[in-house]
Amino acid sequence: MNASRRTRVALLVFAVALALVPLSGDRFWVQFAAKMMIAALFAMSLDLLVGYAGIVSLAHAAFFGLGAYLLAGLTNGAGLVSPLATFPLALAGTAVAALVIGFLSVRTSGVYLVMITLAFTQMLYFLFGEAPGLGGSDGLYVAQRPRLSAFGTTLLDLGNGRTAYFFIWAALVAIYLLLARTVRAPFGRVLAGIRINEARMRTLGYRTRRYKIAAFVAAGALAGLAGVLDATLYGFVNPAIFGWRQSGLVLVTVLLGGKGTLYGPALGAVLLGVLEHFGEKWTAYWNALIGAVAIATVLALPGGLAGLLRGSRG
Amino acid sequence: MRTPLSRRAVLAAASAAAASAMLPRRSFAATKAKIKIGLLLPYSGTYASLGNNITDAMKLAASEKKNRLGGREIEWVAVDDESDPAKAPANVNKLVVGEKVDILTGPVHSGVAMAMMQIVRQEKTLTIVTNAGAQPITGSLCSPNVFRTSFSNWQTSYPCAGVMLKDGRKKAVGMFWNYSFGQESMSAFREGFTKGGGTIVKEIPVPFPTTEFQANLSEIASLKPDAVFVFFAGAGAAKFIKDYAAAGLMEKIPLYGSGFLTEGVLGAAGPAANGIKTTLHYADALDTPANKKFREAFKKATSREADVYAVAGYDTIHLLAQALDKVKGDTSAEKDLIAALEAARTESPRGPFRFGKTHNPIQNVYVRLVKGGREEVLGLAQKEADDPAFGCAMAT
Amino acid sequence: MVEALLETEALTRRFGALAAVAGISLRIEAGAVHAIIGPNGAGKSTFLNLLSGELKTTSGRVRFRGEDVTRAPPDRLSRLGIGRSYQTANVFPELSARECVWIASHSRKDGEARVAERGARALAACGLAARSDVAAGQLSYGEQRQLEIAMMLATEPILLLVDEPLAGLGHDEARTIVDLLREVARNRTLVLVEHDMDAVFSIADTVTVLVDGRVLETGSPQAIRESPRVREAYLGEEE
Amino acid sequence: MTTSLVAVQLLNGVEYGLLLFLVASGLTIIFGVLGVLNFAHGSFYMLGAYLAYFIAERTGSLLFAALLGLPVMVLVGFLVERLAISRLYARDHLSQVLLTYGLVLVFNDLQRALFGNEVHGVPMPRALTGSVALGEMQSWPVYRIFTSVACLCIALLLRQVILGTRFGMRVRAGASNAEMVEALGIDVRKLFSALFTAGAVLAALSGMLAAPLTTVYPGMGEGILIVSFVVVVIGGIGSIKGAFAGALLVGIADTFGKVLLPGVSSAVVYAVMAAVLLFRPRGLLGQPALQR
């Protein structure tokens, strides 16, 4: 109880500190922090799937990419600028994709599920890289950043770096609170039961597949949100965001941070972001560094950073 | 879904650049500080050797200028872009917003270049593209503050059509990696070939970066065209050449391509490459004093052979030196600096070089033939080739 | 004649060449405690797994309350009222006892209040009310068995499939479970697979003996005890 | 397509499939028995190819490269198993995916540091440089025939080892029930260690065989890794016979996909895999649910 209160205070301090970053006035660090927050949101969404429902999916980058591409497509193709239109549509689109992929994937489990989700990721990667009309390998620009106006005044302009920052901050905090609630709610506890012993859950009467699909869709839609925010922040989407390496990297993030804790994967995202930023200056082989961190985490720190903070090893 | 940049946006960008030039100049002291040059290049991954050659050639050129541009000492800031477009926006920001470089150079990968264009068009950073050949950079997305010292994809493949037709090959199969570099090369070739009266029997897109060609080679053998035009590069090119020769097609159906088919892969491809004809704006074997001097200096500095990528890096610094000398190192005089670059000329290792209206090079394109494992220059495929500038408002 | 709650017809399950269950036809009567005994490898657990839907039948049928449920998945059978407990305690070790029964109870969604109440009732019925905050993995072996049964009860089953509830328990623990089962069986139907003959004969109304995946004999405990065939095939071996 | 072209393409597909099988066989054994999903398998393939290049360039002989390189790979495989993989047997798939993903990153940079970024060609052994005519236009390099025959021989050898030796019996027992093997008093540690090493060597050997055909370049392991996964999953994880069937299916599907569906050909093998899994969630010849 004590530890969890300490965690809560630490998270609060961290959230406030993040909110103060724009005061530094340095555009680069504002954008850097925004990118970290998007990565944190992305990792948290995967944690719902991996840490709570126990589903190891390599399709998560696909949902991130779909969200980003849907925003670009809705803006460029349909001329939609208002986030009130584009955000829900992009999330709905991602959710539908997650429903289809989830429906087909959770028929299998374990390693087969890892592989079939990998296959879907690769299919989408090739689709967006090669199919005509989807931007091709060079990617797409978001013609206009989401902007909300009414009666001739602009209420919210996400093309403005600072506004986008606060919007992303708010989204991160809101999604954290939502997820924290969800995992404590009956739905989250049933997911935990499925993770621990799915066969038993079925003999208790649960249609476990439906729960798993629901988790898949929820996690996928939130990954889509992270993608939408990414496209909003940078105004640029590219098929490279679909690749299986991206899916692998976000899995590393979740495990490094500590799966099943929500805030752990967020911490993992920050740590990897910082490692990437500074590690690159320090060594040309920083990819190996990330690899080494992943290996060390698996071998020595099964509980991840969150486990370390709680003083336990898993 | 591609977003062609509206004419209005380009004009707006141009006028904004002009307006900022009229803003009060920074203090003179500031301009005497080091000039910061950002390098956004791959130092890891498949294209690392390209990134290294471009960088080393830039530093070679800088040393010839005593490491000073317009009287200011150079400070290099390099970021490894890993040729990963997914990381590109963050990497560009690192240099443009974080490091506040005076001049941004790079990248190799055109996906990275697209992310870069998005940002530098907004931030108005003076940018010199040192490799990526994507058409939009000096086409639909062109911008007064963006120059290119390498090539546009069109320039490397359009002339190849003429070479083939001149050789009497009227029926061709086109085979290319199905990503933008390949697609743009193919369409440039198609334009030239059909315009000149040739027929393209079949176009075969191959997923990038697949290197399994056997099925399509059998298909080509059954189609029996007069010649084959291909776009592959790097490892894929080496593999393709070996497969093509091993399938016994090299003697029966001559192979043509943009120069990237043979750049940097002759060693790996070995004797299989003999007989391939390509077009490119440079050839290692160009017999000019400028090229000889450059290649010797590069070899001395790095103990590696120079290549087409190094040439672009080398020219970048020499062109910058001219322009910055003209404005006395004052990078805040944006309008003057852009005008100075537009007027810059150099006798490059590749031959005469100047910028066209869209800031793409106007340069010779050569016909090259692989013979005895070495590239020979057969002559000019197109003299002073200019890019047709698809959709660039600055062209008019 | 009492109505059959569950009926199997030539129920068969093969694993490759081996028929673990080879054509079992059996009637389980409503309200009865029906014990299934037999030597190791007789197919008792396989039979239970077929009834609970955890294994797919190779051939034959299962009817529950007159409805053909041969191909029904385990979750559907559970919702129809077939509960299941396991040979080795199959609880959720990371969750507390209360959470375990909550999960079981929540599978019948009818409002959080009722879910909680049903769970509490099941825990109390199994004598675990005082241990409800202990993680299931920390409970003693006997308590885990009690929790198993509590979880089963929390789903309010009509028919209970109980697999070797006494295996590995000490004398006192076993007695607690036997008492509990007797209590549980008062208004439910129970199919019990068990090795402990004393326990079986003390609570069963009907006993079926399986040998090599087939029914050797079915009858009252008394009849089974006295059957020479059973003695020969089975009881003789056990002590 | 004419009949003769179909025949030629079928040949192409089988040839590609045979090479895929060699890579996938190690992957499927390691998964089937050790229960480890090894993303680093592609790295072993790459290392094999680079060793072939490195040694062949210095000695001029691919055979010599294989003789010298394979023991190196035995050592690499053994060390990776002892130092990292062996600690994962009791862990979940997530840990395995992550650890071996980390290994991929490390091996990629190791390759960069040791061999550089250039593309390298590996000359074919002189005795195998010829070619035979195949139809009027195309010819078929002898070396391709050699690799196909070699792959087929190795496949038969594998079959012989698995079905006909004590080691093979243990492997089969391990694939169906690891606990039973332990109960039989077999040293599982040694068995696993030997198997993982064998898998690594098989991957490296495929890399060496393929090197003269594919050239050697950074990142070459990842493309083959993903396709091998597809092969293994289609065939049924743990089944060598399945891997063989899967490899041929993928080889042929990919070949015809390229000819008949250019532009979307890269999706063809994934579509085949998705289709197989829809009807047979455990692959063509997969065992029903391994208890892991």
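Reminder, nothing fancy here: chain letters follow the sequence lines and each chain counts from 1.
Contact between D/Val122 and B/Lys242 at its shortest, heavy atoms only, is O-NZ, 3.4 Å.
Every pair passing ring-ring contact (aromatic ring centres under 6.0 Å, His included) that includes a residue from residues 247-267 of chain B is listed here, sequence neighbours excluded: B/Phe151-B/Phe260, B/Phe181-B/Phe260.
For the pair D/Leu5 and B/Ser218, the minimum side-chain heavy-atom distance is below 4.5 Å.
With a 4.5 Å cut-off on non-hydrogen atoms, D/Leu213 touches chain B through its backbone but not through its side chain. Interface remark: B/Tyr43 contributes backbone atoms only to the contact with chain D (heavy atom separation under 4.5 Å). Heavy atoms of B/Thr210 lying under 4.5 Å from chain D belong exclusively to its side chain. Heavy atoms of B/Ile220 lying under 4.5 Å from chain D are absent altogether. Contacts of B/Ala269 with chain D are absent, with no heavy-atom separation under 4.5 Å from either backbone or side chain.
Note on B/Gly267, B/Ala215, B/Ala246: by heavy-atom pairs under 4.5 Å with chain D, the leading option is B/Ala215. When each of D/Thr129, D/Val8, D/Thr214 is scored by its heavy-atom pairs under 4.5 Å with chain B, the top score falls to D/Thr214.
The CD atom of B/Glu212 sits 14.0 Å away from atom OG of D/Ser266, with the distance rounded to the nearest 0.5 Å. To the nearest 0.5 Å, atom CG of residue D/Asn108 and atom OG of residue B/Ser44 are 10.0 Å apart. Going from atom CD of D/Gln138 over to atom CD of B/Glu219 covers 11.0 Å, rounded to the nearest 0.5 Å. Atom OG1 in D/Thr215 sits 13.5 Å away from atom CZ in B/Phe240 (nearest 0.5 Å).
Residues of residues 302-314 of chain B never come closer than 4.5 Å to chain D when only heavy atoms are counted.
More than 12 heavy atoms of other residues, nucleotides or ligands sit less than 6.0 Å from atom NZ of B/Lys252.
No side-chain donor-acceptor contact under 3.5 Å links B/Gln214 and D/Thr255.
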